[in-house]
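One structure is given below, encoded as structure tokens.
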Amino acid sequence: MPVQEVSLFEEAPDTAMSGLYAEIVFDRPLDHAYTYAVPPGLADAVTVGKRVLAPFGKGDRQTVGFCVGVTEKAPERAVKAIVQVLDAESLLPDSLLKLTRWMADYYLCGWGQVLNAVVPAAAKQLAGTKQVPLVELIPEVFWPKPTPPLPAKQKALLELLTKHAGAVEARQLLAEANSGSGPLRALIEKGLVRRKVGRIENPVTLVEEDPEPETVVEKPNLTLTEDQLRVWAVLEQAVRTGGFQPFLLHGVTGSGKTELYLRAIEEVIRQGKEALVLVPEISLTPQTIAAFKGRCGHVAVLHSHLHDAQRGAHWRRITQGKVEVIVGARSAVFAPTRNLGLIVIDEEHESSFKQDATPRYHGRDVAVMRARLENIPIILGSATPALESWHNAERGQYTLLSLPKRVAERPLPPVKLIDLRYDRHPDKRFHGISPTLERAMKHALDTKGQVILLLNRRGFATHLLCPACGHVEQCKFCDLAMIFHKDRNVAMCHYCGYEAKPVEKCPHCGMGQVKYQGMGTEKLEAEIASKFRGFRMARMDSDTMQKPGSHRRVLKAFERGEIDILLGTQMIAKGLDFPNVTMVGVINADIGLHQADFRAAERTFQLLAQVAGRTGRGPRGGSVFVQTFQPDHPCIGLASQHDFLTFAKGELEVRRQHHYPPFQRFARLVIRGKDEKTASDYADLLAAAFKPALESMQSAGETSDLRILGPAEAPIFRLKGYYRFHFQLQSPSSAYLHRVLRQVIPSVRVPANVDLTVDIDPQDMM
Ligand code: ADP
Ligand code: ZN
């Protein structure tokens with residue numbers, strides 16, 4: 001915007017105030033709103049949900065904040081005034097204001113931080129439109145009497161403006177009149193013309209609708225199975241009557257959960273309401289999208305490949321009520337719907353619903369709270385529910401609905417465990433694919449079936465080891481082994497992205513020839529190429545799937561039968577429904593089983609059960625082969641029998657004994673600093689502050705239990721160049737845990753070069 005136009009709208013500061021006060025929250029980890037006076041010129045413009053500029057912090061810097069309340073009640077102390085209102089419309093509906101307020105309380109962060117994170121950047125800038133200064137004639141009755149004398153230029157401008165109906169862009173008016181800005185400013189000062197801020201569509205960035213061509217699936221003529229009918233009877237009743245009703249839909253893979261979601265959504269649309277469907281990012285496959293686009297009216301798909309302007313356009317269309325169904329990953333839980341009727345969360349157990357940056361919310365839990373606030377039903381669906389959700393169903397918080405069998409009388413596929421201790425190649429070398437797995441793959445391929453192979457590790461070699469001294473090449477910034485990527489000939493750290501030239505001689509002892517050990521998807525790909533000549537193969541992992549649309553291209557080709565073997569990381573394990581997949585192989589079921597994480601067994605079970613579910617989905621059936629060094633491990637054994645119920649029972653017992661979630665609530669505090677001592681000293685100070693706080697709360701009659709483990713070095717002690725310490729807090733009462741943290745955290749000032757993160761219900765324990 002040219003400078004001239006900005007200066008045109010500078011006015012003398014308002015001295016008198018309007019008698020209104022605005023409550024403003026800023027993007028800071030603070031827990032309260034600040035009160036500001038509203039100048040009369042902004043009294044009409046300021047409303048809840050808009051952003052404003054207000055003097056804040058050191059030197060009263062003009063800072064962007066969100067208006068969360070407007071009141072006539074004068075504060076006790078003198079307050080500063082807001083400077084500008086930035087948005088023409090409120091950015092989010094009332095329901096989302098309530099939801100974000102709850103999030104700030106629950107996740108112990110600033111309301112402003114939550115708002116800032118929730119409203120997409122594009123909606124804030126209104127990408128696709130631009131804000132321009134407009135001017136309009138003040139109705140003559142409000143002109144000052146007598147009308148001030150007007151020099152010729154001002155008079156001409158005024159006449160021109162009279163010819164325009166309504167507001168005009170100032171720049172355009174001046175161009176038409178061939179005038180400088182002086183006369184216009186004079187007219188404004190004389191009270192004949194006023195300025196206005198308005199929006200025009202920005203022709204340059206006009207938003208392209210979803211660029212992907214749509215594959216539309218016609219509504220299939222399905223007769224619901226008996227199980228589906230039983231579940232549908234309950235769901236139909238719930239969506240008809242409305243009201244907050246949380247359901248946990250436990251349905252084995254291929255049991256037809258999606259069909260039930262779709263019917264519930266159709267019912268909600270019939271009522272003129274909107275539905276929100278949350279799926280993990282990796283499930284946003286062409287199949288999922290096509291299913292919803294084919295069956296529902298106006299669908300907005302919110303995935304991470306959208307660019308800002310598209311995201312902004314979706315946000316606006318949703319706000320305007322032009323969208324009936326929103327399908328998206330985690331952050332879609334904040335879609336600004338007008339009249340929400342239903343929320344569905346598919347694969348509700350996925351840990352990717354948890355955000356690992358402030359606000360560290362869990363999309364599923366926020367969704368349940370949203371359903372509660374909006375008083376609507378919510379369906380959490382999974383073949384392998386999170387133990388938190390399962391426990392909630394067991395204690396009656398959620399209504400449990402089950403689909404224990406697959407549709408069309410299809411059995412769940414038999415799973416064969418391959419014991420890697422014995423199933424060795426005659427050449428005694430290390431192979432990714434054991435002889436038994438190789439035979440099974442050959443059989444499947446020879447009978448024209450397709451194969452899916454899971455190896456949940458990307459890269460070529462997972463560590464670079466010196467056989468002479470045992471040195472393992474580590475990241476310069478993290479306590480983690482460097483992974484060798486052959487495609488690009490680099491060694492890289494999967495946590496921080498640091499890359500180095502792969503070493504050949506051991507940098508430690510200088511003697512040994514470094515060995516490229518451990519198997520990632522790249523190495524497996526090479527092994528398959530040599531063992532299965534003539535078959536077509538595709539690899540799906542985050543290295544090969546970087547370009548938008550690559551996911552889709554590969555899956556489409558797989559669907560058309562142009563790929564025989566699909567190998568990949570966990571991104572191939574979920575949601576895919578290809579009837580011709582007659583075999584699934586798991587290269588190493590033990591990866592992830594030994595992590596220092598109480599959810600290791602649960603995650604392993606989920607992954608195995610999900611990937612096993614990718615086969616046997618057509619009339620030809622299917623089978624699963626799982627390679628493991630620990631066939632006796634309960635979670636591997638039970639996953640191979642598709643026995644979630646026994647797994648959940650046993651694992652919940654372990655959790656109960658160890659005071660783990662879902663029986664106790666967790667908070668994790670992570671302290672990190674570039675300087676080890678400063679971070680460690682602060683951790684000690686914080687630890688010391690817990691004791692008196694607990695004592696004072698107990699003497700005030702609090703009886704709840706709280707266990708504090710730590711401070712200790714985090715399992716990954718050095719990460720991205722920071723030294724990390726952590727605390728683990730456990731309490732049966734979430735409210736008590738919150739009270740303690742609220743009291744203790746502000747009582748110890750965090751040193752400048754240290755940061756503290758508070759993670760409520762943490763998923764990441766590393
Ligand atoms: P889930 O999500 O539970 O794994 P899906 O919803 O993907 O299962 O259903 C698996 C397949 O079964 C899909 O191709 C779907 O169209 C089909 N299907 C669903 N319900 C029925 C039914 N009642 N009769 C026949 N096929 C069905
Ligand atoms: Zn690193």
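Quick note: residue numbers are just sequence positions, from 1. Values below: all heavy atoms of this structure, side chains included; hydrogens, waters and symmetry mates excluded. Counting starts at 1 for both ligands and their atoms, following the listed order.
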| Does G254 have a heavy atom less than 4.0 Å from any atom of ligand 1? | yes
| Does ligand 1 have an atom under 4.0 Å from some heavy atom of R617? | yes
Under 3.5 Å, is there a donor on one side chain and an acceptor on the other for [X] and [Y]?
{"X": "Q610", "Y": "T384", "result": "yes"}
{"X": "T253", "Y": "R406", "result": "yes"}
{"X": "S352", "Y": "E281", "result": "no"}
{"X": "Q763", "Y": "R603", "result": "yes"}

| Partners passing ring-ring contact (aromatic ring centres under 6.0 Å, His included) against F625 (at least two apart in sequence or in another chain) | none
| message | Please report whether the ring centroid of Y516 lies less than 6.0 Å from that of F460. | response | no
| said: Are H494 and H485, when compared by the centres of their aromatic rings, separated by less than 6.0 Å? | reply: yes
| request: Decide, yes or no, whether a salt bridge links R295 with E266 under the criterion of side-chain N to carboxylate O below 4.0 Å. | output: yes
Per-atom contacts of ligand 1 with [X], taking only distances under 4.0 Å to non-hydrogen atoms:
{"X": "T253", "value": "4 (O)"}
{"X": "T225", "value": "23 (N)"}
{"X": "T258", "value": "2 (O), 5 (P), 6 (O), 7 (O)"}

| field | If only protein N, O or S atoms under 2.8 Å count, total around the Zn ion (ligand 2) | value | 4
| Which option out of G256, S255, P579 puts a heavy atom nearest to atom 9 (O) of ligand 1? | G256
| Got a sec, which residues hit side-chain hydrogen bond (donor to acceptor under 3.5 Å, both in side chains) with H471, two or more places apart in sequence or on another chain? | E473
What part of [X], side chain, backbone, both or neither, has a heavy atom within less than 4.0 angstrom of ligand 1?
{"X": "T223", "answer": "backbone"}
{"X": "V252", "answer": "backbone"}
{"X": "D577", "answer": "side chain"}

| said: Test of understanding: with salt bridge (charged side-chain N to carboxylate O under 4.0 Å, His left out), list the residues that count as partners of E499, not counting sequence neighbours. | reply: R488
| request: Looking only at distances, please establish whether an N/O atom of ligand 1 is found under 3.5 Å from an N/O atom of K257. | output: yes
| message | Regarding ligand 1, does R410 bring an N or O atom to under 3.5 Å of one of the ligand's N or O atoms? | response | no
| message | I want to check something: taking the side chain as every heavy atom from C-beta on, are E713 and F725 in contact at a cut-off of under 4.5 Å? | response | yes
